[in-house]
Amino acid sequence: MFCRFVVLIATILPAASAADSVNVKVVEEIAAKVNGDIITRGDLEKKRAEVEAEAKRQGITGARLNEVVREESANALREKIDTLLLVQKGKDLNINVDSEVTKRLAEIQVQQKQPDPDKFRQFITEQTGMPFEDFKQQMKDQILTQRVIGEEVARRISVPESEMQKYYDEHKKEFVREEQVFLSQILISTEGKSPEQVAAAEKKAKDLVARARKGEKFSDLARDNSDEPETAKNGGYVGSMKRGLMEKAIEDTVFKAKKGDITDPFKRPQGFLILKVEERYEAGQASFEEVKNEIQDRLVQPKMEPKVRELLSRLREEAFLEIKDGYVDSGAVPGKDTRWKDVATLKPQTTTKEEVAARRKKKLLWVIPMGTAKNTKTGASSPAPPAQTPVPAAPAAK
């Protein structure tokens, strides 16, 4: 529900020479303003297309497909507003999720066996249909909204340990696990290097292994020395790996290793790879202590949903929120006035020949009318809120 990605679309007017042959050009329409951000008609259309594509991927067709798309599209604006409000709240709380994003991307990269960073970016684009940076931003927004919900809702819901133990006893079969290890890595690159430089890289890798085994923090060594930037930023952390996901020689080594062990360097096409076993789980029945946090999450979830809606309603009440006629927020708060109040100051949604000629005369590619605020993410412009625009209240003291 809260993992939707808000894409802010900026429509740039075409050059005057191209516009001469067209009488009218329709520009992007702003559907809603949420504090300092906007939601456009294009965002909602994109959401509808994503819903339809996912439904088709699941084999839904015919009348049922139309029904699913219609139902999901009816809540598209609500979900866009929900996401924006939660992301904005996360920024207000100074929540930083950059390291978590790096870790998640590293896990995907390893699981998909895409060691080359450029090829991994291309792989993501091919699989998702979006630029890598957009995918990364979507992931960041998703993690940030989850953190906000955790801070503002989940941590305030307690589950007695006796209730968790009872759940574990009744669902033991669900906690039988495959063997897996949790890894961190350091990569010393040899790409494009001469034989002498390769020898130097090997020596550096062996020295780092020796330093780590003597007690230096592996995460610090990874951060300062690894040539794999995405994992280096997160202390080299890769995440969990199961059998069958790695080259056999590496797999055999790490699955025989103990927690805390550091491998000798592996010679790989891209360089020398050093791995540390951060944690390992044997195949079989997981103990209650091992899955306690997972059980807590399962039991908290049903209690969270109404609380999350309460949080989102409160954020709506505190927000500067305007919705254009013709668009409906299915999560609207009763009594909250979200009418579009400054229609007269908006730039018309069409471009005429006269406007094109005026822009050419001024030698401008596009014009941002006075009294508008520019969206910093996209360059799309929307009317600036009144001087007395309400802002979200500071978070309540905990």
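Numbers here are sequence positions counted from 1.
Looking at E322 and T338, their side chains never bring a donor and an acceptor atom within 3.5 Å of each other. A donor-acceptor contact under 3.5 angstrom links the side chains of E29 and Y327, judged on distance only. For the residue pair E161 / Q165, no side-chain donor-acceptor distance below 3.5 Å is found, with atom types taken as modelled. Using modelled atom types and a 3.5 Å distance limit, the side chains of Q122 and E126 yield a donor-acceptor pair. Between the side chains of Q270 and D116, not a single donor N or O lies within less than 3.5 Å of an accepting N or O.
Heavy-atom minimum distance, A222 versus A232: O-CB, 3.7 Å. The two residues L275 and F218 come nearest to each other via the heavy atoms C-CZ, 4.4 Å. Between A286 and V291, the shortest heavy-atom distance links the atoms CB-CG1, 3.6 Å. Among all heavy-atom pairs drawn from I143 and V101, the shortest one is CD1-CG2, 3.9 Å. The two residues A201 and T190 come nearest to each other via the heavy atoms CB-CG2, 4.0 Å. Among all heavy-atom pairs drawn from R314 and E152, the shortest one is NH2-OE1, 3.7 Å.
A side-chain donor-acceptor contact under 3.5 Å links N225 to the backbone of L221. Looking at E71, its side chain never comes within 3.5 Å of a backbone N or O of V68 through a donor-acceptor pair. E247 contributes no side-chain N or O that, together with a main-chain N or O of I250, makes up a donor-acceptor pair within less than 3.5 Å. Listed for the E279 side chain is no donor-acceptor partner under 3.5 Å among the backbone atoms of Q180. Judged by distance alone, the side chain of E305 and the main-chain N or O of P302 form no donor-acceptor pair under 3.5 Å. For the pair R213 (side chain) and I262 (backbone), a donor-acceptor distance under 3.5 Å is present. A donor-acceptor contact shorter than 3.5 Å is absent between the side chain of K91 and the backbone of V87. Judged by distance alone, with hydrogens and angles left aside, the side-chain atoms of S330 form no donor-acceptor pair with the main-chain N or O of R78 at under 3.5 Å. Proximity of a side-chain donor or acceptor of T145 to a complementary backbone N or O of L86 within less than 3.5 Å is not detected.
Atom CD of E178 is surrounded by 12 or fewer heavy atoms from other residues, nucleotides or ligands within 6.0 Å. Around atom NZ of K267, more than 12 heavy atoms belonging to other residues, nucleotides or ligands sit under 6.0 Å away. Counting heavy atoms of neighbouring residues, nucleotides and ligands inside a 6.0 Å radius, atom NZ of K193 exceeds 12 of them. In K204, the NZ atom is crowded: over 12 heavy atoms of neighbouring residues, nucleotides or ligands sit closer than 6.0 Å.
For the pair V328 and L77, the minimum side-chain heavy-atom distance is 4.5 Å or more. Using a 4.5 Å heavy-atom threshold, the side chains of P195 and V198 count as separate. You'll find the side chain of R121 reaches within 4.5 Å of the side chain of E133, heavy atoms only. Between Q296 and V300 the shortest side-chain heavy-atom distance falls below 4.5 Å. The side-chain heavy atoms of L85 and N35, taken from C-beta on, include a pair separated by under 4.5 Å. Considering only heavy atoms from C-beta on, F182 stays 4.5 Å or farther from V238 through its side chain. Using a 4.5 Å heavy-atom threshold, the side chains of W340 and I323 count as separate. Residues K173 and Q285 are not in side-chain contact: their nearest non-hydrogen atoms beyond the backbone lie 4.5 Å or more apart.
Here the straight-line distance linking atom CD1 of I60 with atom CD of E52 works out to 11.0 Å at 0.5 Å rounding. From K103, atom NZ reaches atom CD1 of I108 across 12.5 Å, with rounding to the nearest 0.5 Å. The CG atom of D261 sits 12.0 Å away from the NZ atom of K259 when rounded to the nearest 0.5 Å. The distance from atom CG of L144 to atom CG of D98, rounded to the nearest 0.5 Å, is 10.0 Å. A distance of 9.5 Å separates CD in E191 from CG in D227, rounded to the nearest 0.5 Å. Summarising the geometry, atom CG belonging to D92 is positioned 7.5 Å from atom CD belonging to Q88; distances are rounded to the nearest 0.5 Å.
The side chain to side chain donor-acceptor pair (under 3.5 Å) pairs that include a residue from residues 236-246 are E179-R243, where partners are two or more places apart or lie in different chains.
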Please walk me through it: do E151 and I95 pass side-chain contact (heavy atoms from CB on, under 4.5 Å)? CA-CA 10 Å; E151 289 284 329; I95 297 175; 4.2 Å; yes
Step by step, would you call F123 with D118 a side-chain contact (heavy atoms from CB on, under 4.5 Å)? CA-CA 9 Å; F123 170 81; D118 291 335; over 6 Å; no
Checking salt bridge (Lys or Arg N to Asp or Glu O under 4.0 Å) for the pair D252/K248: CA distance, chi angles, key distance, verdict? CA-CA 6 Å; D252 289 345; K248 190 173 188 309; 2.7 Å; yes
How far apart are the C-alpha atoms of L299 and M164, what are their side-chain angles, what is the distance that settles it, and do they pass the side-chain contact (heavy atoms from CB on, under 4.5 Å) test? CA-CA 8 Å; L299 296 178; M164 290 190 284; 3.9 Å; yes
Going through the checks in order, is the salt bridge (Lys or Arg N to Asp or Glu O under 4.0 Å) test met by E174 and R298? CA-CA 12 Å; E174 297 176 17; R298 291 190 187 186; 2.4 Å; yes
Run E67 and R64 through salt bridge (Lys or Arg N to Asp or Glu O under 4.0 Å) and show every step you take. CA-CA 5 Å; E67 181 183 353; R64 177 56 183 158; 3.4 Å; yes
Yes or no on salt bridge (Lys or Arg N to Asp or Glu O under 4.0 Å) for R316 and D82, after CA distance, side-chain angles and deciding distance? CA-CA 9 Å; R316 272 173 169 75; D82 287 349; 2.8 Å; yes
After noting the C-alpha distance and the side-chain angles of L312 and K307, does the key distance pass the side-chain contact (heavy atoms from CB on, under 4.5 Å) rule? CA-CA 9 Å; L312 288 164; K307 298 292 184 183; over 6 Å; no
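Remark: K136 does not engage D141 in a salt bridge, criterion side-chain N to carboxylate O under 4.0 Å. Under 4.0 Å is where a charged nitrogen must lie from a carboxylate oxygen, and between E54 and R57 at least one such pair does. In this structure, K217 does not pair ionically with D224, as no charged nitrogen and carboxylate oxygen lie closer than 4.0 Å. Using a 4.0 Å cut-off between charged nitrogen and carboxylate oxygen, K46 and E50 count as a salt-bridge pair. Comment: E317 does not engage K336 in a salt bridge, judged by the lack of any side-chain N to carboxylate O separation of less than 4.0 angstrom. For the pair K140 and E100, the salt-bridge criterion is not met [side-chain N within less than 4.0 Å of a carboxylate O]. A salt bridge links R280 with E282; the closest basic N to acidic carboxylate O contact falls under 4.0 Å. At a threshold of 4.0 Å, the pair K203-D207 counts as salt-bridged, since one of the basic side-chain nitrogens sits closer than that to a carboxylate oxygen. The existence of a salt bridge linking R339 and D325 is excluded, since no basic side-chain nitrogen approaches an acidic carboxylate oxygen closer than 4.0 Å.
Taking the ring centroids of F175 and F288, they lie at or beyond the 6.0 Å cut-off.
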